[in-house]
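Reviewing the structure listed below.
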Amino acid sequence: MKQMAVLIRQALSASRRDIPNMAAVCPSTAWAHTPPYAHHARYLAVKQGRGHNNSQKTSVKPLKVEKQEKQEVEIKQSMSVSELAQAMNKDIDHVYEALLNTSVDLEHLEPNTMLGEKWIKEAIKRCGMKYKWAKIVETKVRENKDIQRQPPPDLARLVNRPPVVTIMGHVDHGKTTLLDSLRKSQIAAQEAGGITQHIGAFLVQLPSGEMITFLDTPGHAAFSAMRARGALITDIIILVVAADDGVMNQTIESIQHAKKAKVPIIVAVNKCDKPQADPKKVKRDLLAYDVVCEELGGDVQAIHISALQGENLLELAEAIIALAEVLELKADPLGLTEGTVIESRTDKGKGPVTTAIIQRGILKKGCILVAGKAWAKVRLLFDVNNQAVAEAGPGTPVEIVGWKELPSVGEEILEVESEQRAREVVEWRTYTEEQNKLKEDQRVIVANQMQHQESYKKERERLAHLSWKQRKAVLYRANKHRMACRPSERAETEELSLSLIVKGDVEGSVEAILNILESYDADEQCQLNIVHFGVGDISENDINLAEAFSGTIYGFNVAANKSIQDIAAKKQIPLKMHRVIYHLIDDLKEELGSKLAPTTEEKIIGEASVLATFDVTIGKKKVPVAGCRIQKGQLDKKMKFRLTRGKEILWEGSLTALKHHKDDVQIVKTGMECGVSLDKVIEFNVGDEIICYEEIEKPQRISWDPGF
């Protein structure tokens, strides 16, 4: 005990600031100076209570449920509907539904329609997701890989070349017959209906040894673009005018093409062997279009010919050679090849084939060519007589085999060093075209969006006087048809439409048909949709497309083999094959007309005047009867009738009875009297007119006029 008292005194004498040391010296007695009930006991009681309560709470507290994270969607400043749906990992309908009851025009919203930042965020928010900006990837500016024509050659390297002569004029004025006479072949007999359907290119050697390249362009209205193309790649134009027919529409158009291309003209006055021929009148008529012949004081040569009889053809050829010498037509036979595509087609045995005029260099087998977005490694070359040749020089028409794709007509042909270089050029041209199309599409989309926003704003202003609930109700009723089903499940519109697939033998023919279809202006009657067009025979893919779009296939100078015809018949796909463009367009107009509801025309059968009125009792019912005399035609009981009083129509319907004297009759003719009762109780007056008429249904014709 004494020892304990000593220790306590030592501890109390220590500095109070050194309390931890005191506890270290004697932990069990560090708080001995404090009464047990004042601190220690109460502290322990509190701690125990808290610990006890915590244990109870832990035993009954439910587990925490972690909050589900919203799906993150990577967005860009501008995205298409399909891109947004893909980023959200949803189908396109979710995007449509998210944008319901907004100012977005859902009726014109397509999968490739671009959405702005505002609507992208709105769609994501409405779908219960959150967005994050996609990382910006720095895109490098692509290097221009295109190829251009070579610089002008050294004049010392130039050599003479055959002139390229285009024969133009009105349909059936003798252009193909003239060319036929010049080259002693029977092309005119082979052409459908004796009409040139596309450009023919031929090399003609005259008895004197000179070579002339002729292009024969179509004369009828459908092929205006091909005549323009012929004018642009030619040196001299032979304007064929029939002496018995004079200056016609396509004659004038050919003159305009020549003047626009700044190409000299030689007038060939054809059919001078006919009795009614008047060459002088033709020359006078040409004055109105600024074509002044030499004998009238101008500088245009005019040669009187008969293509059918072969008269004065040598004189015409000499006029061409003389003009070619004045023009000093020369070309560079060295260096890389350059030319122009004047026709392209798909051949069963050869694949894609082009007819081209070589304008520079010498084309040989193995050359690598680029034309537009197509390239070729030349496998075979054919001359105008379909004979294989090893090379073709400037001014020469040639068929080129070896194209990977079919180039467009009018494209510039340029030779490159290697296949890799050709691919680079084609890739670059495809890329630039896509970029230009994207810019144009974006411009149209922005314009449409602005127009829709304006209409949406006006609609909101119209509803501004309503309360919030009233506005909601009006908008709901307006959009109810949209909510009835998902956008992809909406029923097709009731508008009449005809889907077309157009196939032609050569690109020029397809181009001409499409140019005609561009003039279609009867959409309010029946919409015309061109689903697909191309060059070559009818394929199974064409049948499948026609089936998918419930369309019709029109073929121009192409074939469909037996198996294709069987598939088309099985799937009930109409195949309409033509060899003359007029017949194709007439057939199309008839089909468009067949889609329209027939019109009803009224034909008056007879007229009668009411002379007296009286009632007849049938059973317990009184029926008014009119006594009439037939003034014109006849009354036929099975026809329809009309009762008129002055200009007012009182009734239309059918007769319940037609009597002559006391006999029921079917027909009452002019001058006879009869009694009639109607299918409705009408009080007759003397002087009323009863008209018997027939309604005749007539097929409606499409209002579209293609101009020929």
Side-chain angles (χ1 to χ4, degrees), residues 67-136 437-497 499 523-524 527 529 531 548-550:
K67 191 175 180 181
Q68 190 175 1
E69 285 290 325
K70 287 185 178 181
Q71 180 185 333
E72 275 192 335
V73 181
E74 276 197 355
I75 66 168
K76 295 180 287 187
Q77 197 165 11
S78 180
M79 298 173 78
S80 68
V81 175
S82 57
E83 285 174 345
L84 179 57
Q86 191 175 1
M88 294 166 67
N89 199 22
K90 300 284 185 183
D91 61 35
I92 288 177
D93 285 331
H94 277 80
V95 179
Y96 285 122
E97 289 168 357
L99 295 173
L100 275 173
N101 292 322
T102 66
S103 64
V104 175
D105 184 9
L106 294 184
E107 294 294 338
H108 297 93
L109 201 65
E110 300 292 338
N112 59 352
T113 303
M114 301 302 290
L115 294 172
E117 179 186 335
K118 174 185 174 182
W119 299 118
I120 293 170
K121 291 179 179 178
E122 183 68 20
I124 291 170
K125 181 182 175 183
R126 289 186 174 206
C127 288
M129 303 177 186
K130 61 182 181 179
Y131 66 86
K132 66 175 182 179
W133 289 101
K135 291 181 181 178
I136 298 173
K437 186 176 183 300
L438 192 63
K439 288 177 184 176
E440 179 61 23
D441 289 348
Q442 189 64 30
R443 186 188 65 78
V444 173
I445 287 165
V446 169
N448 288 341
Q449 285 177 341
M450 288 178 66
Q451 184 180 356
H452 180 69
Q453 288 287 350
E454 188 65 28
S455 62
Y456 177 76
K457 185 179 176 183
K458 288 179 181 177
E459 178 69 15
R460 290 288 171 167
E461 288 173 357
R462 187 177 66 84
L463 304 175
H465 66 284
L466 300 176
S467 67
W468 178 82
K469 284 187 177 180
Q470 289 172 329
R471 278 201 303 271
K472 282 289 182 184
V474 171
L475 289 173
Y476 172 78
R477 285 195 295 272
N479 295 321
K480 192 175 181 180
H481 70 284
R482 297 183 186 177
M483 300 176 187
C485 59
R486 291 158 74 94
S488 62
E489 297 167 352
R490 287 180 197 149
E492 292 183 2
T493 59
E494 295 297 323
E495 292 178 349
L496 297 174
S497 65
S499 297
D523 283 319
E524 72 285 350
Q527 289 189 353
N529 303 318
V531 175
F549 288 92
S550 301

Open item on the list: Applying side chain to side chain contact (heavy atoms under 4.5 Å, CB included), can you list everything that pairs with K121, at least two apart in sequence or on another chain?
Closed with: I75, E117, Y131, W133
Task: side chain to side chain contact (heavy atoms under 4.5 Å, CB included) partners for E110, two or more places apart - done: N112, T113
TODO: Would you give the length of the straight line joining atom CE of M129 to atom CD of E72, rounded to the nearest 0.5 angstrom?
DONE: 12.0 Å
Open item on the list: Is it the case that the side chain of E74 and the backbone of A87 share a donor-acceptor pair, with hydrogens and angles ignored and the cut-off at 3.5 Å?
Closed with: no
TODO: Verify, without hydrogens or angle tests, whether D93 (side chain) and Y96 (backbone) share a donor-acceptor contact under 3.5 angstrom.
DONE: no
Open item on the list: Just verifying a value: how many Å separate R126 CZ and H94 NE2, rounded to the nearest 0.5 Å?
Closed with: 14.5 Å
Task: Atom CG of N89: over 12 foreign heavy atoms under 6.0 Å - done: no
- [ ] Flag the pair K437 / E440 as yes when at least one side-chain heavy-atom distance between them is below 4.5 Å, and no otherwise.
- [x] no
Open item on the list: When you compare the side chain of L84 with that of I124, does any pair of heavy atoms fall below 4.5 Å?
Closed with: yes
Open item on the list: Between S499 and V531 (side chain of the first, backbone of the second, donor and acceptor by atom type, cut-off under 3.5 Å), is there such a pair?
Closed with: no
TODO: State whether K458 and E461 are salt-bridged, where the test is any N-O pair (Lys NZ or Arg NE/NH1/NH2 against Asp/Glu carboxylate O) under 4.0 Å.
DONE: no
TODO: For the residue pair K90 and E97, establish whether any side-chain heavy-atom pair is separated by less than 4.5 Å.
DONE: no
Task: For the student: nearest non-hydrogen atoms of C127 and A98, plus distance - done: SG-CB, 3.8 Å
Task: Flag if over 12 foreign heavy atoms under 6.0 Å of CD, Q71 - done: yes
- [ ] Kindly give the heavy-atom pair with the smallest separation between M79 and I120, and that separation in Å.
- [x] N-CD1, 3.6 Å
Task: Interatomic spacing from CD in E83 to CD1 in I92 - rounded to 0.5 Å - done: 10.5 Å
